[in-house]
Amino acid sequence: MSEAGSYCVEGEIGIVTIDNPPVNSLGLRTRRAIQEGFNRFAADSSVKAIVLICGGRTFFAGADISEFGQPPVAPDLHDILRLIENSAKPVVAAIHGTALGGGYELSLVCHYRIAVPSAMVGLPEVSLGLLPGAGGTQRLPRIVGVPAALDIITGGKPIKAKKALELGMIDSLADEGKLREDAISFARHILADGKPMMRVSDRNEKLIEAKASADIFEEYLKRNARAFRGFKAPGHIVRAIQAAVDTAPDFDAGMAREMELFLELEASPESLAQRYYFFAERETVKVPDIGKDVGTLPVKSVGVIGAGTMGGGITMNFLNVGIPVVLAEMSQEALDRGIGIVRRNYENSAKKGRMTAERVEQLMALITPAIGLEALREVDLVIEAVFEQMSVKKEIFSKLDGICKPGTILASNTSFLDLDEIAAATGRPDHVVGMHFFSPANVMRLLEVVRGEKTSKEVINTAMKLGKSIGKVPVLSRVCWGFIANRIMAARAVQANELILEGPTPQDVDKAIYDYGFAMGPFQMNDLVGLDVIGRDDVERSVSGDLVKLDRLGQKKNGGYYDYDENRKASPSPVAAQVIADFAQYKGIENKGPQSDEAIVARLLYPVVNEGAKLLEEGIAIRASDIDVAAILGYNWPVYTGGPMFWADTIGLQKVVDGLNALGIPPATLLVEKAQNGDRFTTP
Ligand code: NAD
């Protein structure tokens with residue numbers, strides 16, 4: 001016995017069981033326990049094979065994060081990996097729970113892998129902007145082949161045991177609940193078959209195969225150029241796997257190259273940003289004045305009002321986790337249309353093999369369609385998603401207050417309206433909260449939970465926890481126009497609309513923003529959403545309004561800022577150019593010619609940072625990292641910049657302040673203060 005390990009022998013099989021709660025991370029205690037077990041069985045001549053298995057809820061998690069930045073203490077991870085791989089007796093890794101990252105790499109130094117069907121394996125380092133640096137890029141292609149290894153490591157997704165078996169990531173499936181027995185009998189079979197023992201690092205056939213197709217790596221990069229754009233890790237992963245092929249059979253040479261590439265990534269700004277973001281996403285649920293003593297209200301049934309663009313998607317989130325939804329509309333026609341779209345979404349998933357036809361029916365059966373609000377009497381939570389009009393929302397909330405049982409939470413999906421005014425239409429403002437989903441609501445992971453003046457802590461806690469339980473990342477916001485994501489990004493839209501009057505074209509602006517890392521620029525986005533939809537009623541005339549007057553609605557009709565061919569391929573529009581020139585003349589704005597990409601990015605994105613600083617100043621957002629999460633998940637801000645606030649810290653806050661001043665935009669007080677003090681918004 002050691003602190004975290006127990007060792008026993010059954011016949012010729014030695015079993016090393018590691019139990020280091022909560023997740024068997026590979027810290028010193030775990031490493032010592034493994035070392036003791038392997039040394040003991042190496043010396044025990046009755047043992048002919050070894051099973052390495054974990055107690056508790058999972059196989060080894062990765063490294064122990066509490067050791068990061070500390071000087072290594074022997075035995076370090078590489079000592080342990082060598083000890084296992086060089087064992088003269090074959091080693092079987094017995095996997096339950098998850099074997100991800102370092103955990104799966106540890107299983108790769110074992111000679112065989114067996115897992116229960118519920119287990120997941122994989123190498124997710126790419127999502128932190130890293131590559132698996134303990135041999136993952138060198139060993140995995142040796143067992144699954146180069147093409148599969150490229151997909152698995154650049155994709156980073158956890159893979160279910162059954163699929164892992166098909167791919168060759170594991171060698172056998174155990175029965176659920178019988179991992180220990182099945183691993184022992186697997187080890188006995190190996191001994192009985194008398195097969196020569198092979199270390200993964202010695203298996204070179206699949207690499208030699210790949211040597212024959214020389215362009216495989218360049219082709220892979222080309223094929224995935226769009227998905228990899230801006231990220232540093234996928235390219236390095238491809239190079240590391242390429243090194244495995246180029247250096248085979250010299251395993252150590254490949255390992256040396258993997259380490260070089262790993263260190264480059266570790267020091268890269270992209271990885272720094274992605275690692276920051278990883279923690280930022282986990283931080284959002286922490287609300288300073290809501291401690292563990294604050295409870296939640298039970299939400300066993302939900303009502304959604306409005307089966308339009310948002311209502312349908314919102315409904316699906318709850319059906320997916322088995323919570324029944326009463327879906328209320330004004331007319332049968334609107335109801336049928338909304339429910340039809342939900343059904344089509346599920347049926348499309350079924351067509352792609354992501355669910356069975358039976359499951360589609362089960363999910364649809366959880367919807368109770370309703371006309372009017374009476375049917376919402378007994379639900380625990382109502383989410384209103386009707387037209388964005390204060391009078392309509394107030395009327396609905398006042399009615400709901402009379403209809404719903406006491407204790408029902410009344411939530412609004414409003415994007416811009418004053419939640420406190422809506423809450424004041426009820427006699428239970430403490431039970432009114434904002435739950436602001438993003439479109440498409442069944443896909444987008446951001447949920448802004450809006451805390452009104454009177455919203456109770458219990459209700460906020462409930463909305464945050466519920467958000468998490470339906471797979472969203474909840475970010476808490478106080479009440480203001482647009483809340484967090486829409487408010488900061490509106491600052492970008494204002495600048496974009498002004499800038500095209502001064503010289504740069506919509507194409508120039510979109511290109512600069514695309515090259516910064518967004519999936520599309522603001523004018524491409526406008527055309528996609530529809531210029532009639534983005535229309536503003538706070539100004540009497542605008543460029544998009546003038547385009548709509550010409551019946552140019554965007555991609556859906558006659559083009560908008562761009563012209564479109566029959567394949568929706570965009571080209572610069574002479575008509576739009578004329579509309580812009582006319583509007584600039586009407587405004588008396590002089591064309592000063594084109595600008596550099598850098599100037600365009602500063603013009604559009606520094607004001608976003610500025611607005612973020614104001615959100616913090618005003619206490620609307622709890623922390624800068626919440627603003628980054630909202631921008632990344634709500635607007636696809638490129639994650640490898642870390643979001644607007646982390647990006648501002650990276651380029652230097654004084655640079656942002658100077659840039660804003662040069663543009664004639666007053667920088668927020670907090671921004672100026674932080675710049676003067678050499679302070680930051682975020683902690684890397
Ligand atoms: P929508 O027009 O697509 O749908 C609104 C639905 O509400 C319609 O089907 C309408 O029939 C129904 N409705 C109106 N009054 C009703 C009533 N009294 N009782 C029952 N049903 C009623 O609108 P949408 O885009 O889904 O937006 C809904 C809300 O969500 C708005 O507050 C909007 O600001 C917000 N929102 C929209 C988006 C988006 O991208 N579309 C994103 C986030 C939030």
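Counting convention: from 1, in listed order, for ligands and their atoms alike. None of these values were measured; they are calculated from a predicted model.
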- Could you walk me through whether Asp418 and Val479 pass the side chain to side chain contact (heavy atoms under 4.5 Å, CB included) test, one step at a time? CA-CA 7 Å; Asp418 180 345; Val479 176; 3.6 Å; yes

- Pair Ser127-Gln274, side-chain donor/acceptor within less than 3.5 Å: no

Can [X] be said to touch ligand 1, with heavy atoms closer than 4.0 Å?
X: His436; result: yes
X: Arg337; result: no
X: Phe437; result: yes

- Message: Tell me whether Thr309 has any N or O atom under 3.5 angstrom from an N or O of ligand 1.
- Response: yes

Taking [atom] as the reference point, the nearest protein heavy atom with its distance:
atom: atom 4 (O) of ligand 1; value: Gly308 CA, 3.3 Å
atom: atom 16 (C) of ligand 1; value: Met330 CG, 3.2 Å
atom: atom 18 (N) of ligand 1; value: Ile396 CD1, 3.4 Å
atom: atom 44 (C) of ligand 1; value: Ser415 OG, 3.0 Å

- In terms of its nearest heavy atom to atom 12 (C) of ligand 1, the top option of Glu448, Glu329, Met310 is Glu329

- Using heavy-atom distances, let me know which of Val386, Leu327, Leu335 sits nearest atom 13 (N) of ligand 1. Val386

Ion pair check, [X] and [Y], cut-off under 4.0 Å:
X: Arg603; Y: Glu498; answer: yes
X: Lys614; Y: Glu611; answer: yes
X: Arg428; Y: Asp401; answer: yes
X: Glu361; Y: Arg343; answer: yes

For [X], take its heavy atoms, then give the atoms of ligand 1 lying under 4.0 Å from any of them.
X: Gly306; result: 6 (C), 7 (O), 12 (C), 21 (N)
X: Glu388; result: 31 (C), 32 (O), 33 (C), 34 (O)
X: Lys393; result: 31 (C), 32 (O)
X: Phe387; result: 2 (O), 5 (C), 8 (C), 10 (C), 14 (C)
X: Thr414; result: 32 (O)

- I would like to know whether Leu447 and Met435 meet side chain to side chain contact (heavy atoms under 4.5 Å, CB included); could you show each step before the answer? CA-CA 7 Å; Leu447 172 68; Met435 289 182 76; 4.0 Å; yes

- Message: Whether the side chain of Asp546 engages the backbone of Val579 through a donor-acceptor N/O pair (distance < 3.5 Å, no angle test) should be reported.
- Response: no

- Note on the structure: At under 4.0 Å between heavy atoms, what of Ile305 touches ligand 1? The answer is side chain

- Please indicate, with yes or no, if any protein heavy atom is found under 4.0 Å from atom 23 (O) of ligand 1? no

- Task: Could you give me the CA-CA distance, side-chain angles and deciding distance for Val629 and Tyr277, then say whether side chain to side chain contact (heavy atoms under 4.5 Å, CB included) is met?
- Result: CA-CA 7 Å; Val629 172; Tyr277 177 72; 3.8 Å; yes

- Message: Would you say the ring centers of Tyr516 and Trp637 fall short of 6.0 Å from each other?
- Response: yes

